[in-house]
Amino acid sequence: MKPRVRFAPSPTGYLHIGGARTALFNWLYARHHGGTFVLRIEDTDQERSTPKSLQAILDGLAWLGIDWDEGPGKDGPYPPYFQMKKLDRYREVAEQLIAEGKAYRDYTTEEETAAQRKAFAASKGLTEKDDLRRAGFKYTSPWRDSKEKRDQPFVVRFRMQPCGERIGFDDLVGGRHEKPDEDLDDFVLIRSDGIPLYNFGCVVDDHDMHITHVARGQEHINSTFPQLMVYRALGWTPPAFAHIPLILGQDKEKLSKRRHPEADVRAHQQNGILPHALLNFIARLGWSHGNDELFTRQQLIELFDFSGVGKANGVWNPDKLLATNQHWIKAGDPADVARAVLPYLRDAGVPEVLADERLGRAVKAFQPRAKTLVEMAQAIKPYYLRGVTIDGAAAAKHLDHTGKELLKKARALLEATADWSAPQLDPIVDKLATETGAKKGAIAQPIRVAVTGGTTSPGIGETLELLGRAETLHRIDAALGN
RNA sequence: GGCCCCAUCGUCUAGCGGUCAGGACGCUGGCCUUUCAAGCCGGUAACACGGGUUCGAAUCCCGUUGGGGUCACCA
């Protein structure tokens with residue numbers, strides 16, 4: 001049977017880097033096995049869900065190249081893919097559980113529940129919720145299936161009937177997980193407004209959508225137990241689970257949107273990270289294949305398996321992300337990189353630029369020199385402008401009297417060059433060095449400073465070719481003070 | 001705090017009873033060189049601790065310590 005997996009984000013913010021990795025692992029698993037990747041929107045948090053967030057998540061996935069087979073905009077056999085569109089279905093399943101005595105209507109209001117907590121706390125001289133649990137607080141409904149409150153709003157609670165049994169599952173990553181059923185409370189399935197809670201909606205949907213493998217963050221390990229109870233009560237077979245270790249910030253805390261800017265996938269896009277580089281990096285955070293570090297998209301698909309996923313949480317390492325990005329910029333096809341750098345060039349203030357042959361050459365020159373697309377755009381920009389501002393220190397060092405004399409000689413040779421191409425341009429430095437007895441650096445640096453304004457650039461030939469004959473001579477003349 | 005999970009260089013990790021404990025990032029020495037990169041060669045650095053099991057433990061078991069997660073009418 002082909003696996004059916006899903007990524008089920010809640011549209012309450014941008015695509016989180018942890019979510020992106022969860023999506024990636026699911027996607028890779030589906031693609032590896034020729035299965036189906038489902039995107040389901042868990043929009044039951046009415047307080048926080050927004051259309052804008054939904055769009056941000058969709059955009060993030062699209063940018064990363066993670067496509068779904070069923071989900072928003074892609075009809076599949078088990079719609080709908082938005083939880084808010086199948087409220088009746090949850091209600092129907094809940095009613096079934098109630099009818100079978102496995103769940104009940106609880107007419108207790110939130111206020112009453114809170115009061116019960118407070119009373120318990122007071123009796124123990126405590127205040128904190130956490131302390132209540134330690135002190136043995138266990139919720140019991142005063143209004144379970146109450147007849148007299150028949151027309152009042154109610155929540156549907158799962159009826160735990162602990163019998164000292166250990167419930168458990170075999171995790172594809174973490175191995176066996178067990179917990180005594182006494183540890184579970186009567187948890188809420190459906191809120192008083194008729195909207196299901198995560199532990200219920202998710203079970204119903206995974207079942208309805210024929211999900212075979214649920215890969216999600218380790219923070220969900222504990223919620224797996226109540227979900228297992230629901231599966232059992234309904235007589236449904238649970239999917240296989242794979243709980244993926246978390247990504248921690250450099251402070252070793254769980255990557256949070258509040259404290260960690262790197263948690264935002266868009267931040268990396270803005271910083272000039274190639275989508276594939278980010279994919280490669282987050283794949284390696286938690287998953288490994290021997291000593292390999294760099295993977296193409298195709299290789300990831302071929303090699304990925306949950307058996308390669310480790311158990312320990314991983315710390316975000318910006319340096320390594322950068323190194324990975326640098327690699328893929330360098331290794332990429334110049335035309336592809338050119339296309340990728342285009343938006344960054346526009347942002348840098350080079351609106352007229354096109355992904356043409358000339359940009360291709362510029363990209364090629366800077367591929368080994370840029371760690372990010374932002375850097376590359378910055379580096380390329382001066383080649384698209386008329387004239388250049390020369391750095392004072394660079395001028396002082398290389399455009400002194402002798403520097404200018406050599407520059408004049410170079411200019412003459414340059415002007416006489418018929419074929420304005422790197423292979424023709426480069427030897428001029430050697431030629432002049434031989435003629436004048438000056439060192440190559442003494443020839444090349446004044447030229448470099450004159451045409452780029454600074455002391456660093458790609459090879460002289462490449463640089464001049466990129467600039468073009470007219471602009472090169474123009475800048476040299478300007479540097480010579482003509 | 002209860003419950004759950006985890007533990008190899010600073011970081012990501014390989015290792016699945018016998019290895020000089022390997023790779024990558026970072027840091028660092030050198031080579032190359034017309035600058036800057038890139039590239040190439042080398043170096044630095046780890047099995048958290050304590051008990052077992054075993055002829056032999058990074059690998060298996062227990063405990064300690066440390067880190068993380070989770071305890072809602074959020075997901």
Side-chain angles (χ1 to χ4, degrees), chain A residues 8-10 12 42-49 106 108-110 113-114 128-136 153-157 171 173-175 177-180 183-185 187-193 195-199 201-202 216-225 243 245-246 248 250 252-254 281 284-294 310-324 326 330 365-371 379 394 398 426 429-430 433 438-449 452 454-461 463:
Chain A
S10 98
T12 54
E42 306 209 330
D43 51 356
T44 54
D45 185 340
Q46 293 294 283
E47 307 278 298
R48 299 189 300 150
S49 291
D106 183 1
T108 316
T109 63
E110 271 188 277
T113 309
E128 293 299 311
K129 173 189 73 177
D130 301 351
D131 290 334
L132 299 193
R133 293 211 142 235
R134 179 182 48 173
F154 59 89
V155 302
V156 179
R157 277 186 193 272
D171 194 275
V173 172
H177 288 296
E178 282 186 355
K179 177 175 275 204
D183 285 6
L184 298 179
D185 275 333
F187 53 96
V188 175
L189 264 21
I190 295 190
R191 309 198 306 189
S192 52
D193 59 8
I195 298 173
L197 245 42
Y198 171 70
N199 279 335
C202 148
R216 74 226 307 195
Q218 258 178 13
E219 74 265 28
H220 290 289
I221 287 180
N222 283 307
S223 65
T224 306
F225 297 101
H243 287 97
L246 305 177
L248 273 26
Q250 286 175 284
K252 311 240 177 158
E253 303 261 337
K254 178 181 167 187
F281 175 73
R284 274 293 288 106
L285 236 185
W287 171 81
S288 64
H289 180 266
N291 279 335
D292 301 342
E293 295 286 347
L294 276 354
K311 298 186 197 178
N313 294 339
V315 175
W316 186 261
N317 182 346
D319 284 334
K320 191 155 181 177
L321 203 217
L322 234 36
T324 307
Q326 182 175 30
K330 195 170 54 194
F366 286 104
Q367 274 180 297
R369 281 168 248 264
K371 285 190 167 70
H398 298 288
D426 250 338
V429 173
D430 299 84
K439 287 189 172 181
K440 290 179 181 180
I443 313 283
Q445 284 307 78
I447 301 175
R448 197 177 325 265
V449 171
T452 69
T455 55
T456 67
S457 85
I460 283 293
T463 302

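Each chain gets a letter, A, B and so on, in the order the sequences are listed, and its residues count up from 1.
A side-chain donor-acceptor contact under 3.5 Å links A/D171 and A/H243. Side-chain polar atoms of A/K179 and A/N222 form a donor-acceptor pair below 3.5 angstrom. For the 3.5 Å distance criterion, the side chains of A/S457 and A/T463 qualify, holding a donor opposite an acceptor.
A/E110 comes within 4.0 angstrom of a nucleotide base, judged by non-hydrogen atoms across all strands. In this structure, A/H220 reaches the bases: a heavy-atom distance under 4.0 Å links it to at least one base atom across the strands shown. If you check every strand for non-hydrogen atoms under 4.0 Å, A/P180 touches nothing. Contacts of A/V315 with the nucleic acid, taken as non-hydrogen atoms under 4.0 Å apart, involve only primed sugar atoms and P, OP1 or OP2. Residue contacts shown for A/E293 include a base, since a base heavy atom lies under 4.0 Å away.
Remark: P of B/G69 and NE2 of A/H243 are 16 Å apart, rounded to the nearest angstrom. Rounded to whole angstrom, the span from the OH atom of A/Y198 across to the P atom of B/C74 amounts to 14 Å. In this structure, A/Q250 atom CD and B/C25 atom C1' are separated by 12 Å, rounded to whole Å. To the nearest angstrom, P of B/C74 lies 7 Å from CG of A/D45. Between A/D426 atom CG and B/U33 atom P the separation is 14 Å, expressed in whole Å. Rounded to a whole Å, the CG atom of A/L248 is 13 Å from the C1' atom of B/C12. In this structure, the NE2 atom of A/H177 is 17 Å from the P atom of B/C3, given to the nearest Å. A/L246 has its CG atom 14 Å from the P atom of B/A7, to the nearest Å.
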*Does the side chain to side chain contact (heavy atoms under 4.5 Å, CB included) test come out yes or no for A/N313 and A/Q218, once each step is laid out?*
CA-CA 9 Å; A/N313 294 339; A/Q218 258 178 13; 3.4 Å; yes
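Nucleotides B/C9 and B/U13 are separated by 11 Å at their P atoms, to the nearest Å. Remark: the separation of the C1' atoms in B/U35 and B/C27 is 24 Å, to the nearest Å. Distance noted for atom C1' between B/C16 and B/A21: 14 Å (whole Å). Across the C1' atoms, B/A45 and B/C60 are found 28 Å apart, a figure rounded to whole Å. Rounded to whole Å, the separation between the C1' atoms of B/G39 and B/C55 comes to 49 Å. Distance check on atom P: B/C49 versus B/U11 gives 15 Å, rounded to whole Å. Taking atom P in both B/A58 and B/G42, the straight-line distance is 28 Å, to the nearest Å. For the P atom pair drawn from B/A46 and B/U8, the interatomic distance equals 14 Å after rounding to whole Å.
You'll find a donor-acceptor pair under 3.5 Å spanning the side chain of A/S192 and the base of B/C73, going by distance alone. The base of B/G68 has none of its N or O atoms less than 3.5 Å from a complementary donor or acceptor on the side chain of A/N313. Judged by distance alone with a 3.5 Å cut-off, a donor-acceptor contact links the side chain of A/K320 to the base of B/A24. Contact of A/R284 with B/U13 (side chain to base): no donor-acceptor pair of N or O atoms is detected under 3.5 Å.
Between A/H398 and A/R448, every side-chain heavy-atom pair lies at or beyond the 4.5 Å cut-off. Taking the side chain as every heavy atom from C-beta outward, A/I221 and A/H177 approach each other to under 4.5 Å. Looking only at side-chain heavy atoms (C-beta outward), A/T455 and A/V449 come within less than 4.5 Å of each other.
Of the candidates B/C73, B/G69, B/C25, B/G69 carries the atom nearest the A/E219 side chain, counting heavy atoms from C-beta on. Here B/A7 is the nucleotide among B/U34, B/C5, B/A7 with the atom lying nearest to any side-chain atom of A/A312. Side chain of A/N291, nearest nucleotide from B/G23, B/C74, B/U34: B/G23. The listed nucleotides are B/C5, B/A38, B/C25; the one nearest the side chain of A/I221 is B/C5. Considering only side-chain atoms of A/K311, the nucleotide from B/C73, B/A38, B/C6 that sits closest is B/C6. If you check B/A75, B/U34, B/C25 against the side chain of A/L197, the one that comes closest is B/A75. Nearest nucleotide to the side chain of A/K179, out of B/C4, B/C6, B/C73: B/C4. For A/K254, the side-chain atoms get nearest to B/G69 when compared with the rest of B/G69, B/A75, B/U34. When the nucleotides B/G69, B/C5, B/G23 are ranked by their closest atom to the side chain of A/Q218, B/C5 comes out on top. For A/S288, the side-chain atoms get nearest to B/U13 when compared with the rest of B/U13, B/C12, B/U34.
Between A/G461 and A/V188, the residue whose closest nucleotide on RNA chain B is further toward the 5' end is A/G461. Nearest-nucleotide mapping onto RNA chain B: of A/Q445 and A/Q46, the residue sitting toward the 5' end is A/Q445.
Pair check for B/A58 finds none; no Watson-Crick or G-U wobble contact set falls under 3.5 Å. Pairing partner, B/C47: none, since no Watson-Crick or wobble contact has both distances short of 3.5 Å. Here B/G39 sits opposite B/C31 as a Watson-Crick or G-U wobble pair (both hydrogen-bonding atom distances under 3.5 Å). Here B/G10 sits opposite B/C25 as a Watson-Crick or G-U wobble pair (both hydrogen-bonding atom distances under 3.5 Å). B/A72 is unpaired under the criterion used here, namely a Watson-Crick or G-U wobble arrangement in which both key atom distances are under 3.5 Å.
Across A/F225 and A/E178, no two heavy atoms sit closer than the pair CE2-C, 3.8 Å.
Using a 30° and 60° split on the angle between ring planes, A/Y198 and A/H220 fall in the tilted class, from 30° to 60°.
For A/V188, the side chain to side chain contact (heavy atoms under 4.5 Å, CB included) partners two or more places apart in sequence, or in a different chain, are A/V155, A/R157, A/L197. By the side chain to side chain contact (heavy atoms under 4.5 Å, CB included) test, A/L322 pairs with A/I273, A/K371, A/T372, sequence neighbours left out.
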Atom pairs under 3.5 Å: protein N/O with N/O of nucleotides 46-49 of chain B:
none

